[in-house]
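Everything on this sheet refers to the single structure shown next.
Because the structure is a prediction, the values reported are computed rather than measured. Every chain is numbered from 1, with letters handed out A, B, ... down the list of sequences.
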There are 2 protein chains.
Amino acid sequence: MVVMVTKTKRAERRTDALSKERIVEAAIEILDTDGESALTFRALAARLATGSGALYHHVASKNDLLTAATEEVITGVMTGLAPGDEPRAAIQAIALGVFDAIDAHPWVGTQLAQEPWQFAVLPVLEGFGQQLQALGVLGPAQFDCASALLNYILGLAGQYAAGVRLLAGVTDRTAFLATVADRWADLDPARFPFLRQAAPQLPAHDDREQFLAGIDLILAGITATSGSRRSSAR
Amino acid sequence: MVVMVTKTKRAERRTDALSKERIVEAAIEILDTDGESALTFRALAARLATGSGALYHHVASKNDLLTAATEEVITGVMTGLAPGDEPRAAIQAIALGVFDAIDAHPWVGTQLAQEPWQFAVLPVLEGFGQQLQALGVLGPAQFDCASALLNYILGLAGQYAAGVRLLAGVTDRTAFLATVADRWADLDPARFPFLRQAAPQLPAHDDREQFLAGIDLILAGITATSGSRRSSAR
DNA sequence: ACCTGAACACCGTTCAAGT
DNA sequence: ACCTGAACACCGTTCAAGT
């Protein structure tokens, strides 16, 4: 009891004391403002006014740090969801929540795409599974569908994050897509007729909307495929 | 003419001459046998019996090297496809071709997931687009569907590659999935009911089959969604 | 023109030495 | 127990010097 009070008091007073939370918080700030390549233990230590070795008392490795930072963001997404939605709307809400988080923190996209077995993806997969159950999708199809949704999101996560990485200063995403469109337009017409034809619509298209179109596509496939199973739902 | 002959003769005789092709070939060997982390310019130079600086006369950077290596593998996949298939079967064939390539060369999965704007993904996206056109999916839906298929594959690419990375010596993929299943089984029952219930089927499931189930799901969604557009196909 | 390999400018991580 | 910061063991990349 007395120990608890003492600990609390100390934490209140010495706000400069190092902790995993403070380190993760500082890491997120660096990642958000200066990009993924700016996060080094030296830069982190400098920002926290400590030695680089001190960080290892609270964080096991750089990977551990990035995992914790990603977890922080994704947890925020999942807890911010409105409960009691219709299953299809709930799935869209989860997907859009992750999309918006990656839009706000592109390094989260890199993390999710690169380390998809980390804890942060589990709440997302769990959310999909629960909503699919509510939709009446059961048995092996439930896991297949949840995985399909997750894979789709992870793929886009990598794509989005890579786009930001290639931008490297160009703040406008439309400008980036225009560059890609130019490259597609120069492709060999014999080999790449589809991409050449699709190029013009690339800069104009809304990433978020196209993302949602993909989710809806998978949902439509789920509805079409699981018709037989759905009847046994209730 | 004389110059051409001389060049050809030289190329035939001096098989030890450095070239981008030889460098890429050696890099693929290292990546396949010793893993992604084993590919360094020093190791590559040692294998090619040259100095590390010499490599930069034929390769712009490590990224350039990895891009070229990925291109090599994906080109092999796409040219190996049987032409004239039914569109749905052709899409499955492309997807499975990429899957098998990642299975054989996990570093390709890392590359695709990490740099999805590289040239190697274009033939895949083009293939999807062409087959969707043959299916009668036109307009914006054609690009949305092709993107959805691509995103799904890129997501799985990252997941698969990350799994191999975590294995780090464990040759058996089933063993890896069993480890994941154990972790899922220990999750909080209140928060993760779906994952806990799904855990047992994780080690038993066939990656390739589940991958194909996801593709079929998207295809079903495409069929269900594009009904109105399909009539205008022919 | 191509190759050599030491040198440079970084990394993440460790560890003796301090408090 | 926690912090310090130099040192270690690497990287990718560059570049003067060779052929």
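Whole-Å rounding puts the A:L65 CG to C:dC11 P distance at 15 Å. When rounded to the nearest whole Å, the span between CG of A:L44 and C1' of C:dC11 equals 14 Å. The nearest whole Å value for the distance from the CG atom in A:L18 to the C1' atom in D:dA1 is 13 Å. In this structure, A:K20 atom NZ and D:dA1 atom P are separated by 19 Å, rounded to whole Å. Look at CG on A:L39: it is 15 Å from C1' on C:dT13, rounded to the nearest Å. The separation between A:L55 atom CG and C:dT13 atom P is 11 Å, rounded to whole Å. Atom NZ of A:K62 and atom C1' of D:dC11 are 13 Å apart (whole Å).
The aromatic ring centres of B:Y152 and B:F211 sit less than 6.0 Å apart. Aromatic pair B:F176/A:W117: ring centres closer than 6.0 Å.
By the salt bridge (Lys or Arg N to Asp or Glu O under 4.0 Å) test, B:R47 is found to be paired with B:E29, residues two or more places apart in sequence or in another chain being considered.
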Taking only N/O atoms, report every protein-nucleotides 5-8 of chain C pair under 3.5 Å with atom names and distance.
{"unit_1": "C:dG5", "atom_1": "O6", "unit_2": "B:G53", "atom_2": "N", "d": "3.4"}

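Once rounded to the nearest 0.5 Å, the distance linking CD of B:Q111 with NE2 of B:H105 reads 13.5 Å. Once rounded to the nearest 0.5 Å, the distance linking CD of A:E126 with CG of B:L195 reads 4.5 Å.
Pairs passing the side chain to side chain donor-acceptor pair (under 3.5 Å) check and including a residue from residues 61-81 of chain A, sequence neighbours excluded, read A:K20-A:D64. Judged as a ring-ring contact (aromatic ring centres under 6.0 Å, His included), the pairs with a partner in residues 42-62 of chain B (not counting sequence neighbours) are, in order, B:F41-B:Y56.
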With side-chain contact (heavy atoms from CB on, under 4.5 Å) as the criterion, how do B:L66 and B:Q118 come out once you've worked through the C-alpha distance, each side chain's angles and the decisive distance to 0.1 Å? CA-CA 10 Å; B:L66 285 168; B:Q118 73 187 110; over 6 Å; no
Decide salt bridge (Lys or Arg N to Asp or Glu O under 4.0 Å) for A:D186 and A:R196; before the verdict, give the C-alpha distance in whole Å, the side-chain angles of both, and the deciding distance to 0.1 Å. CA-CA 7 Å; A:D186 283 340; A:R196 279 177 59 98; 5.9 Å; no
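Heavy-atom nearest nucleotides on DNA chain C were determined for A:H57 and for A:F41, and the one closer to the 5' end corresponds to A:F41.
Of the residues in residues 28-38 of chain B, none lies under 4.0 Å from DNA chain C by heavy-atom distance.
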How does DNA chain C look in dot-bracket notation if pairs are Watson-Crick or G-U with both distances under 3.5 Å, crossing ones as [ ], other-strand ones as |? ||.|||||...|||||.||
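Figure legend: cation-pi geometry between B:R173 and B:Y160, with NZ or CZ positioned under 6.0 Å from the six-membered ring centre and within 45° of its axis.
Look at A:H58 and you'll find a side-chain N or O under 4.0 angstrom from OP1 or OP2 of D:dC3.
Residues B:F194 and A:Q142 meet the side-chain proximity criterion, which asks for heavy atoms closer than 4.5 Å.
Residue B:T40 has its side chain nearest to D:dC11 when only C:dT13, D:dC11, D:dT13 are considered.
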